[in-house]
Undergrad: 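Quick one: structure below, then a few questions.
Throughout, numbering of the chain's residues begins at 1 and tracks the sequence.
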Amino acid sequence: SSTMSFSEAEVQSARGAWEKMYADAEDNGTTVLVRMFTEHPDTKSYFTHFKGMDSAEEMKQSDQVRGHGKKVFTAINDMVQHLDNSEAFLGIVNPLGKKHATQLKIDPKNFRIICDIILQLMEEKFGGDCKSSFEKVTNEICSHLNNVYKEAGW
């Protein structure tokens, strides 16, 4: 499935929606991760240095959680910049998926979890239109990551 399924209008509205989230990348990225770790505690097991953290407050203050939140948002931002260029988009998604599949051995269902939390936060902060204009992007990201996992023999 190619990323070329986005119309120009969809690309523009998805970018507009994402820009609002990315304007505060570190805080929003941190909120998303903290929510994931508290609502799905098993996801913490992949991060050895987050394991001992139980309270959301402690996680929010952690430089490592904040750093990883920013990293996730930066990766998504790179993808969003290339929604209209399949090759460039896959050039970001493929190595990322490969690393998570082969080195980090992260269950791919976690990508859907994190995407759903991002959409939920978008809706809370900026409303349903913002969320719906970004939904297709998260579906695209998750389906491409799943393809990379399949190729990696997951």
Undergrad: Between H68 and Q64, does any side-chain donor sit less than 3.5 Å from a side-chain acceptor?
TA: no

Undergrad: Would you name the heavy atoms of L90 and P95 that are closest together and state the gap between them?
TA: O-CD, 3.8 Å

Undergrad: Between H100 and F111, how do the two ring planes meet: parallel, tilted or perpendicular, split at 30° and 60°?
TA: perpendicular

Undergrad: Measuring from E10:CD to S5:OG, what's the distance to the nearest 0.5 Å?
TA: 7.5 Å

Undergrad: Report yes or no: does K99 contribute a side-chain atom to a donor-acceptor pair with the main-chain N or O of N94 at less than 3.5 Å?
TA: no

Undergrad: Looking at C130 and K20, what are the two nearest heavy atoms and their distance?
TA: SG-CD, 4.4 Å

Undergrad: Closest heavy-atom contact between L145 and G97?
TA: CD2-CA, 3.6 Å

Undergrad: Which value, rounded to the nearest 0.5 Å, describes the distance between N28 atom CG and L121 atom CG?
TA: 5.0 Å

Undergrad: Quick one: does any side-chain atom of R112 pair with a main-chain N or O of C142 as donor and acceptor, under 3.5 Å?
TA: no

Undergrad: Roughly how far, to the nearest 0.5 Å, is CG of D27 from OG1 of T31?
TA: 6.0 Å

Undergrad: Ring centroids only, cut at 6.0 angstrom: are W18 and F73 within range, meaning strictly under it?
TA: yes

Undergrad: Could you tell me whether D63 atom CG has more than 12 heavy atoms of other residues or ligands within 6.0 Å of it?
TA: no

Undergrad: Look up atom CG in D54 and atom CE in M59, then write down how far apart they are to the nearest 0.5 Å.
TA: 6.5 Å

Undergrad: How about CG on D129, more than 12 heavy atoms from neighbouring residues, nucleotides or ligands closer than 6.0 Å, or not?
TA: no

Undergrad: Any chance you could measure K60, atom NZ, to T30, atom OG1, to the nearest 0.5 Å?
TA: 9.5 Å

Undergrad: Just say parallel, tilted or perpendicular for the rings of F47 and H49, cut-offs at 30° and 60°.
TA: perpendicular

Undergrad: Is the closest side-chain heavy-atom distance between I76 and V80 below 4.5 Å?
TA: yes

Undergrad: Does atom NZ (K98) have a neighbourhood of more than 12 heavy atoms from anything else shown, all under 6.0 Å?
TA: no

Undergrad: Are the side chain of Y46 and the backbone N or O of D107 linked by a donor-acceptor pair below 3.5 Å?
TA: yes

Undergrad: Report yes or no: does K105 contribute a side-chain atom to a donor-acceptor pair with the main-chain N or O of T102 at less than 3.5 Å?
TA: yes

Undergrad: What pair of heavy atoms forms the shortest contact from H82 to F89, and how long is it?
TA: O-CB, 3.5 Å

Undergrad: Let me confirm one number: the CD1-CD1 distance from I141 to I114, rounded to the nearest 0.5 Å.
TA: 10.5 Å

Undergrad: Closer than 4.0 angstrom, basic N to acidic O: yes or no for D24 and K70?
TA: no

Undergrad: Is the charged tip of K136 near the ring of F6: under 6.0 Å from the six-membered ring centre and within 45° of its axis?
TA: yes

Undergrad: Do N77 and Q81 meet the criterion of a side-chain donor-acceptor pair at a distance under 3.5 Å?
TA: yes

Undergrad: Table please: side-chain donor-acceptor pairs of residues 32-40 below 3.5 Å, with sequence neighbours left out.
TA:
residue, atom, partner, partner atom, Å
R35, NH1, E124, OE1, 3.4
R35, NH1, E124, OE2, 3.0
R35, NH2, E124, OE1, 2.9
T38, OG1, V34, O, 2.7
T38, OG1, R35, O, 3.2

Undergrad: So, for I92 and A75, which heavy atoms are closest and what is the spacing to 0.1 Å?
TA: CG2-O, 4.3 Å

